[in-house]
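Proteins come first, then strands; the chains are lettered A, B, ... in the order of their sequence lines, and each starts at number 1.
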Amino acid sequence: MTSQDIRNQFIQYFKNRDHKFIRSAGVVPFDDPTLLFTNAGMNQFKGIFLETETADHPRVVNSQKCIRVSGKHNDLEEVGRDTYHHTFFEMLGNWSFGDYYKEEAIKMAWELFTEVWKIPKDKLYATVYKDDDEAFDLWSNVTDIPKDNILRFGEKDNFWEMGETGPCGPCSEIHVDVGGDPAINGSHPELGVNTDNPRFMELWNLVFIQYFREADGSLSELPSKHVDTGAGLERIVACLQGKTSNYDTDLFTPIIDEISSLTGVNYDPGETGMTHRVIADHVRMLTFAISDGALPSNDGRGYVLRRILRRAARFGRNLGMNEAFIYKLVPTVVKIMGDAYPELHERVAYIQKVIKSEEDSFSQTLDRGLQIFSGLIKENKSAGRSLISGEDVFKLYDTFGFPVDLTSLMAEEEGFTVDLTGFEALMTVQREKARQSTQFKQTTTQGAEWKVLQAGIHSDFSGYSQHRLDTSVVQVLETQDKFFLILSQTPFYAESGGQVGDTGRIYNAGMELRVLDTRKDGDAIIHETKLISGKFNEEAAIAEVDVKRRSDIIKNHSATHLLNAALRKVLGDHVKQAGSLVNEDHLRFDFNHFEKMSKDELTKVEKLVNAEIRKNTPVNIRQLSFDDARAEGALAFFGEKYGDEVRTVKFGDYSHELCGGLHVNASGDIGFFRIESESAIAAGVRRIEAVTGQTAEGNARRERAVLDQLRHILASDIHDLGTKVQNLLDEKKSLEKQVKSLSFDQAASVLEEIVKKAHVIAGVNTVSDIVEVPDTEALKDLGSELMILMGSGVGILGTVIDEAPYLVCVVSEDVIAQHKLKAGNIVRELGRKLGGGGGGKPQMATAGGKDAKALKDVIAGVYEMIGALLG
RNA sequence: GGGGCCGUAGCUCAGUUGGGAGAGCGCUGCAUUCGCAUUGCAGAGGUCGGGAGUUCGAAUCUCCUCGGCUCCA
């Protein structure tokens, strides 16, 4: 039985029992900032448990792509060490939303395991929460599991919670005894179940959600009870294929074989095989994460990808792979998983490109680290030490990303020891700092309570066709200066898919509210309003959208679709939307692309979009099933969660996307499209900002005004402006040089006269005079020139620039040596007399001050001063 | 979200309590050579990422900002 069969049988089993199959959500959650990656099948149903969304189907089954890289049971550094933990895995699950409960859930699980899949009954163990007698009795009465195989555990193992507060409840797990050597693994189940003993493997967790955990820690009963189950596919496959290691199943063996053939090192199922296991596990995670829109970067989830990739690359180096190779494994992963997750097929080349470039950049990081490391060794050796301090190890790792284990290894080769304790201490400090500074965002509505006037109604949106309608307030929340409203029906579009929320007003005879913003919370559309006049009342009201603003927004939104299509035509199909903002002023579109777009490419894109606008193609908006929409080639946004029925927006054959937003009636309404900028937003992500309609026209007009002005000033044809300005700049530069050299020559011409006036003080040639120079730079140059003329001695030149006095002092080497005169010391004293300061090197120093009138006396007083210094 | 490091000539980088902007490679010219490689000499090329501040004086110190690298959450 293949893994593919097993996955399908699970889904089919529940489909036969009235469950609706729901596609896996992306591994990159699109609307949950608290979650780094989708880590359980229930993530996409969270809103249903929280009662902000209603379920479309009471019974659901799916196979969810999951990523777990942290948490108490899955430390990244442990993956690969054992045979059953993964960063990426699939979670099979069935759900009941207020439908069946414990009895059916237990019965079905038992039947699937023992009747369909024929797992021996005496090898299975069921665990229940210690106080959940109901579940305990069900296991003993509705299944034929051996009585001794039902075990009770406490909160840690058998009570499931979503977070600090929220839905929760007892759970019941099914474990399997995979056998093995009792001498090593032990035999008594109580010694094995829920310990880290690999002989007893958890296969399936059935969660019974019946409580809500309040903020004060107390539990209250939920009005409806839910079932949420999760079974790790990898483990079930291992069990059914009679393997003791997940890595020996057909989910992994092709990848491991490929690693062996690439590296020429055969897989060892024991300890040394960790290398193969780590790489196989990590390449799956990377393939799925990147296919769902994540990219390696330096923070957030991108950073997790980078760490995973580097860990795999490091293990690769242990197998002698010093060049990029992980990307070569991607086609194998896609071969195994592509049928279950067709999105992989579309993106193989893209995923490989991303992984390859990240592998290459890691090589660079390592090379740089090696250089710094050898510097450290050299420094320590010359200081007679053979210990690398914790600070140095930390700096190598923290600042330059050089792996600690590599540092240790290489230090050892050099006969050095490494202060790992010191390193760990610094890491702890770093972690603490980061943890303390993590703050949670406060929502504007925090602290106040919603007042419910009519329950169960959530602002039906009717704004696709209307912008003004009669409605009533069904919920209201009042804060210090605002009212948040939920209406029975609303024409206001809530922020979604990058399109900003509508503004406008809600009013009746007794009040007028200005709508500042509109957004979604689950199914509810919330209007953020401010009272303009009258007194807030709960009577029927008129809701009216600001039509002018909306018309500007929809132009930009439709233009975004045309831009997306044009980018794919000009740059290629690897272009994926990575973010979007559409408001009344402009549009911002982020997308995956590897290099800066050329002028030529930008022009092509702009031309394509405007050509499509001129065609005036009518928009075609339809509701159809997700699968049909995809079959027709409609573009879906990465990771977005779509229902079964989706809305598609199509402009002729040109652009076709899934989209819930508002659009123009025909492309011609956009009027005119202009790209204003293209820039880098992160590695591999570019951003285009553009404008449409009147804004674009206005920008063009403003630019022409500037050009007109320039043309006028330069008396030039528009085409010659560039060369003309360039010529002017070149000319200016060369003139400046000429002026500088002329004025220097002029100043230098008086030097000979000045040198003739030199005083000889105690055998030292001394010169002190006032010159005219354009800037302090020239004064310094003149100083050097003076010393060349004098050959030996002390020279001081003063000048006034912009009413401030400046001095330069030069002293020849022989005078420094014989008389201990230093230019820096001389100038420091003179600077003070000018109301400033000064300093420099023994050979040359400068000073300045504020009192220009004192300059003459200071220059005249130099001879006396030098005389005193020479004794 | 919180730290660390980096941004200097076309490229790789140096620049030591703040005191004349440098090296190697590359480029241009001249010489060497039948020609090329080589070698020698000369030269061009810089808003020291950007802005503000402190100072007589900032590549250097402080603050802000942009870009890159890196660690932690």
Side-chain angles (χ1 to χ4, degrees), chain A residues 33-34 36 69-71 76 296-304 306-307 310 358 361-369 371-372 375 391-404 423-424 426-441 596 679-684 729-730 733-734 736-737 775-788 797-811 822-852 854-855 858:
Chain A
T34 64
L36 227 43
V69 283
S70 54
L76 175 59
S297 73
N298 59 359
D299 64 22
R301 67 174 64 98
Y303 180 56
V304 175
R306 178 164 286 171
R307 264 170 59 189
R310 290 182 176 196
E358 183 65 20
S361 104
F362 183 48
S363 289
Q364 275 183 13
T365 299
L366 284 183
D367 288 345
R368 198 174 48 232
Q371 272 182 20
I372 296 164
E391 284 85 2
D392 285 340
V393 180
F394 181 73
K395 194 178 164 117
L396 263 171
Y397 180 61
D398 182 66
T399 302
F400 301 108
F402 198 68
V404 180
F423 167 76
E424 279 304 330
L426 288 165
M427 284 301 286
T428 309
V429 172
Q430 153 109 310
R431 284 195 195 100
E432 268 314 305
K433 254 197 245 166
R435 199 166 292 143
Q436 275 171 14
S437 59
T438 304
Q439 286 170 345
F440 289 99
K441 271 193 265 175
K596 185 174 175 59
S679 58
I681 182 76
L729 283 175
D730 290 348
K733 203 166 181 179
S734 102
E736 269 172 358
K737 274 190 175 169
D775 52 41
T776 55
E777 198 67 22
L779 186 66
K780 284 177 194 166
D781 290 341
L782 214 55
S784 322
E785 196 66 24
L786 174 66
M787 187 41 70
I788 291 167
L797 297 173
T799 193
V800 175
I801 301 162
D802 290 338
E803 296 174 18
Y806 294 92
L807 290 173
V808 62
C809 173
V810 285
V811 181
K822 286 181 183 167
N825 295 342
I826 295 168
V827 106
R828 193 164 297 123
E829 197 174 326
L830 297 175
R832 259 200 298 279
K833 290 180 186 164
L834 294 170
K841 298 178 179 179
Q843 298 80 5
M844 170 177 278
T846 57
K850 286 165 181 141
D851 189 1
L855 184 64
V858 168

Would one find a side-chain N or O of A:Arg431 under 4.0 angstrom from OP1 or OP2 of B:rG1?
no

Using a heavy-atom cut-off of under 4.0 Å over every strand shown, decide if A:Arg832 touches base, sugar-phosphate, or nothing.
nothing

Please measure how far the P atom in B:rU39 lies from the corresponding atom in B:rA21, and state the result in whole Å.
32 Å

Hey, what are the protein-to-nucleotides 54-57 of chain B N/O distances that come in under 3.5 Å?
residue : atom : partner  : partner atom : Å
B:rC56  : O4'  : A:Gly848 : O            : 3.1
B:rC56  : N1   : A:Gly837 : O            : 3.2
B:rC56  : O2   : A:Gly837 : O            : 3.4
B:rC56  : O2   : A:Gly848 : N            : 3.4
B:rC56  : N3   : A:Gly837 : O            : 3.3

Measure the acute angle between the ring planes of A:Phe394 and A:Phe423, then classify it against the limits of 30° and 60° as parallel, tilted or perpendicular.
tilted

Touch class at under 4.0 angstrom, heavy-atom based, for A:Thr776 against every strand present:
nothing

Separation of atom CZ in A:Arg306 from atom P in B:rC69, rounded to whole Å:
6 Å

Pick the C1' atom in B:rG7 and in B:rA42, then give their distance to the nearest Å.
32 Å

Checking A:Leu807 against A:Leu855 for the side-chain contact (heavy atoms from CB on, under 4.5 Å) test, could you report, in this order, the C-alpha distance in whole Å, the side-chain angles of both residues, the deciding distance, and whether it holds?
CA-CA 9 Å; A:Leu807 290 173; A:Leu855 184 64; 3.8 Å; yes

To the nearest angstrom, the NZ-P distance between A:Lys841 and B:rU17 comes to 11 Å

Which part of the nucleic acid, if any, lies within contact of A:Gly840, taking any heavy atom under 4.0 Å across all strands shown: a base, the sugar-phosphate backbone alone, or nothing?
base

For the pair made of CG in A:Leu396 and P in B:rG3, what is the distance, rounded to whole Å?
23 Å

Would you classify A:Arg828 as touching base, sugar-phosphate or nothing, given that sugar-phosphate means primed atoms plus P, OP1 and OP2, and contacts are heavy atoms under 4.0 Å?
nothing

Under 3.5 Å, side chain of A:Asp802 to main-chain N/O of A:Ala804, donor-acceptor pair present?
no

Partner nucleotide, any strand, of B:rC5 [Watson-Crick/G-U, under 3.5 Å]
B:rG68

I want to verify a distance call: between B:rC71, B:rU70, B:rG19, whose nearest atom is closest to the A:Tyr397 side chain?
B:rC71

Distance in angstrom units between A:Met427 CE and B:rC71 C1', rounded:
6 Å

Write down the protein N/O and nucleotide N/O pairs, taken from nucleotides 4-6 of chain B, whose separation is under 3.5 Å; answer none if there are no such pairs.
residue : atom : partner  : partner atom : Å
B:rG4   : O2'  : A:Thr399 : OG1          : 2.8
B:rG4   : N2   : A:Thr399 : O            : 3.0

Quick one: side chains of residues 834-850 of chain A, donor-acceptor pairs under 3.5 Å with protein atoms, not counting sequence neighbours, listed by atom name and distance.
residue  : atom : partner  : partner atom : Å
A:Gln843 : NE2  : A:Glu813 : OE2          : 3.2

With respect to the side chain of A:Glu777, which nucleotide from B:rG19, B:rA21, B:rU70 is positioned closest?
B:rA21

